[in-house]
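Contents: one structure, followed by commentary.
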Number of protein chains: 2
Amino acid sequence: MSTDKKDHIINTAIELFAENGFEGTSIRDLAAKADVNIAMVNYYFGSKDKLFEAMVVHKASYMREKLEEIASDKTKSEIEKMDAVIEAYVNRILTQHQYHRIIHQELMLKQREDVHNNIISLFSKNTLIVKQIIEQGMRKKAFKKVDPELTFASILGTINQVMLSKGMCNLLMNKDKNFNPYTDDTFKKRIITHLKQITHSLLLQH
Amino acid sequence: MSTDKKDHIINTAIELFAENGFEGTSIRDLAAKADVNIAMVNYYFGSKDKLFEAMVVHKASYMREKLEEIASDKTKSEIEKMDAVIEAYVNRILTQHQYHRIIHQELMLKQREDVHNNIISLFSKNTLIVKQIIEQGMRKKAFKKVDPELTFASILGTINQVMLSKGMCNLLMNKDKNFNPYTDDTFKKRIITHLKQITHSLLLQH
DNA sequence: CAAAATTAAACAAATGTTTGATTAATTATT
DNA sequence: AATAATTAATCAAACATTTGTTTAATTTTG
């Protein structure tokens with residue numbers, strides 16, 4: 001069982017699904033791009049749906065660990081933890097923007113119900129961790145009284161708003177079509193700066 | 001030429017595209033749900049792609065007018081204009097959440113290129129209007145120095161983050177699957193309150 | 001040699017679209 | 001006002017592709 005080849009198929013699938021969506025990508029497209037026989041996808045994964053599931057599993061759970069690491073860091077204050085959350089998410093979504101886009105599609109459309117529920121469940125746990133950081137800040141009177149869930153939604157939503165569409169990115173950056181926002185450090189810094197500013201002004205007392 | 005029937009087909013298409021996506025909706029599904037013959041879609045619109053274009057045109061441009069109305073209202077201060085922008089968007093996305101979801105899909109996937117560019121262009125104009133409100137607030141020293149585009153992205157992104165997935169909504173509201181967040185007034189108020197809080201704390205001097 | 005991997009070909013089902021015939025509605029002509 | 005002529009609307013059926021999947025034979029590998 002060649003794990004290399006399975007991974008290669010999954011990685012090619014991520015590229016295509018991110019670009020054209022799940023229904024918009026045929027197994028023949030995938031096989032052609034990955035340079036394998038059409039039958040190999042079903043041979044390795046059983047079906048196109050199961051390939052999708054394998055793809056999600058393949059990449060998931062990273063953020064969860066990262067967030068827990070930040071939340072349990074006793075050397076950090078609550079606002080420092082929020083800063084770390086912001087940086088972690090921006091980095092994650094920038095480097096894994098294709099995968100992230102696929103997850104977002106599935107979240108919106110709710111086709112493969114199992115996968116959809118899985119994503120909601122993962123997201124639910126992440127929300128809880130960030131919520132607890134914010135609530136602790138509020139208890140310590142370091143933070144103002146805010147809506148914890150929606151505060152997290154604002155952070156994630158801002159990143160998604162600019163990152164999920166390349167056209168949107170380039171509109172905000174006044175760049176042309178060839179510019180790749182996902183590897184541009186200036187853009188990354190701009191988002192992080194804005195998110196910290198918004199979070200600080202929302203949360204911190206004066 | 002029965003405009004009623006064309007509209008009926010478009011409205012049914014909005015429901016199905018929002019639920020299952022463009023590729024996930026077959027003309028047969030659509031014809032069945034709209035209770036018309038399969039051939040009628042091509043008879044009226046020419047093709048599935050052109051139906052999509054007609055659908056976008058059918059609903060677009062409303063937000064643009066609303067924003068311009070707000071921006072040019074001389075009885076409002078800048079922060080009052082921002083509040084009005086927030087309320088307009090929340091109301092719009094709540095009532096037109098299916099259409100909004102379709103637009104979002106097209107923004108992400110960039111399949112029908114013409115439609116995609118059209119949406120970017122529409123969005124670009126809306127961004128400019130809001131940007132100018134913020135910049136005027138900054139010039140008058142009523143607003144702090146912020147990133148105008150990303151401030152707008154945060155507002156829209158927050159709404160999208162919670163509105164584009166029913167599962168996400170219900171997660172945030174601790175409701176069960178039968179709950180319909182798009183018609184719930186408590187939810188709407190919660191989002192508006194949070195967005196105003198975030199915008200005020202970010203923009204207003206102390 | 002046996003198991004695993006790979007292949008080209010075929011499968012049935014689903015897709016968007018077109019056809020050609022039929023009915024309904026509109027317009028023109030008497 | 002009645003009839004004929006013309007256009008528009010509707011339909012079931014068929015069209016050619018494309019889809020995901022399977023088969024059965026072949027090659028590679030351990």
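Not measured: the values here are computed from a predicted model. In the text below, chain A, chain B and the rest are named by the order of the sequence lines, each starting its count at 1.
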- Query: Are A:Tyr44 and C:dT6 close enough that a side-chain N or O sits under 4.0 Å from OP1 or OP2?
  - Reply: yes

- Message: Rounded to whole Å, please give me the gap between CE in A:Met40 and P in D:dT23.
- Response: 16 Å

- Message: With a cut-off of less than 4.0 Å, is there a side-chain N or O of B:Lys48 near OP1 or OP2 of C:dT15?
- Response: no

- Backbone N or O of A:Ile120 within a donor-acceptor pair of the A:Ser124 side chain at under 3.5 Å? no

Could you list the donor-acceptor pairs under 3.5 angstrom formed by side chains in residues 21-31 of chain A, with sequence neighbours left out?
unit_1, atom_1, unit_2, atom_2, d
A:Glu23, OE2, A:Gln111, NE2, 3.4
A:Thr25, OG1, A:Leu16, O, 3.3
A:Thr25, OG1, A:Gly21, O, 2.7
A:Ser26, OG, A:Arg28, N, 3.4
A:Ser26, OG, A:Asp29, N, 3.0
A:Ser26, OG, A:Asp29, OD1, 3.3
A:Ser26, OG, A:Asp29, OD2, 3.2
A:Asp29, OD2, A:Ser26, N, 3.3

- Task: Between C:dT17, C:dT7, D:dT10, spot the one nearest the side chain of B:Lys5, thanks.
- Result: D:dT10

- Item | Near-strand residues of residues 49-59 of chain B, defined as heavy-atom separation under 4.0 angstrom from DNA chain C | none

- Query: Stepwise, does the side chain to side chain contact (heavy atoms under 4.5 Å, CB included) test hold for A:Ile191 with A:Tyr89?
  - Reply: CA-CA 11 Å; A:Ile191 298 178; A:Tyr89 263 107; over 6 Å; no

- Rounded to 10°, tell me the angle between the two end axes of the helix from C:dC1-D:dG30 to C:dT30-D:dA1, each built from five pairs. 10°

- Distance in angstrom units between A:Lys6 NZ and C:dA5 P, rounded: 10 Å

- Which residues satisfy the side chain to side chain donor-acceptor pair (under 3.5 Å) test with B:Lys59, sequence neighbours excluded? B:Gln96

For a quick test of your reading: what N or O donor-acceptor pairs under 3.5 Å do the side chains of residues 62-71 of chain B make, sequence neighbours left out?
unit_1, atom_1, unit_2, atom_2, d
B:Arg64, NE, B:Glu68, OE2, 3.1
B:Arg64, NH2, B:Glu68, OE2, 3.3

- Atom-pair distance (CG on B:Asp4; P on C:dA25), nearest Å: 14 Å

- Using a heavy-atom distance cut-off of less than 4.0 Å, which residues of residues 105-119 of chain A contact DNA chain D? none

- Query: Which of residues 12-39 of chain B sit near DNA chain C, with a heavy atom under 4.0 Å from it?
  - Reply: B:Thr25, B:Ser26, B:Ile27, B:Arg28, B:Ile38, B:Ala39

- Task: Can you sort out the partners of A:Glu19 under side chain to side chain contact (heavy atoms under 4.5 Å, CB included), two or more places apart, ordered by chain and number?
- Result: none

- Can A:Asp35 and A:His8 be said to form a side chain to side chain donor-acceptor pair (under 3.5 Å), step by step? CA-CA 10 Å; A:Asp35 198 31; A:His8 177 236; over 6 Å; no

- Measure the spacing between CG of B:Asp184 and NZ of B:Lys175 and express it to the nearest 0.5 Å. 6.0 Å

- Message: Rounded to whole Å, how long is the line connecting atom CG of A:Asn42 with atom C1' of D:dG20?
- Response: 7 Å

- Message: Test of understanding: with side chain to side chain contact (heavy atoms under 4.5 Å, CB included), list the residues that count as partners of B:Ala54, not counting sequence neighbours.
- Response: B:Ile10, B:Phe45

- With no hydrogens and no angle check, do the side chains of B:His194 and A:Ser154 hold a donor and an acceptor under 3.5 Å apart? yes

- Got a second to check how far A:Ile102's CD1 is from A:Leu107's CG, nearest 0.5 Å? 13.5 Å

- Query: Going by heavy atoms in the side chains, are A:Pro148 and A:Gln132 under 4.5 Å from each other?
  - Reply: no

- Verify side chain to side chain donor-acceptor pair (under 3.5 Å) between B:His58 and B:Asn11, making sure each step is shown before the conclusion. CA-CA 10 Å; B:His58 185 256; B:Asn11 287 329; 4.7 Å; no

- A:Glu149/B:Arg190 ion pair, N-O < 4.0 Å: yes

- Message: For B:Ile103, give me all partners under side chain to side chain contact (heavy atoms under 4.5 Å, CB included), at least two apart in sequence or on another chain.
- Response: B:Val56, B:Tyr99, B:Ile119

At a cut-off of 3.5 Å, list every protein nitrogen or oxygen paired with a nitrogen or oxygen from nucleotides 28-30 of chain D, distance to 0.1 Å.
none

- Could you tell me which residues satisfy side chain to side chain donor-acceptor pair (under 3.5 Å) with B:Asn118, sequence neighbours excluded, listed by chain and number? none

- Item | Value in whole Å for how far the P atom of C:dA8 lies from OH of A:Tyr43 | 16 Å

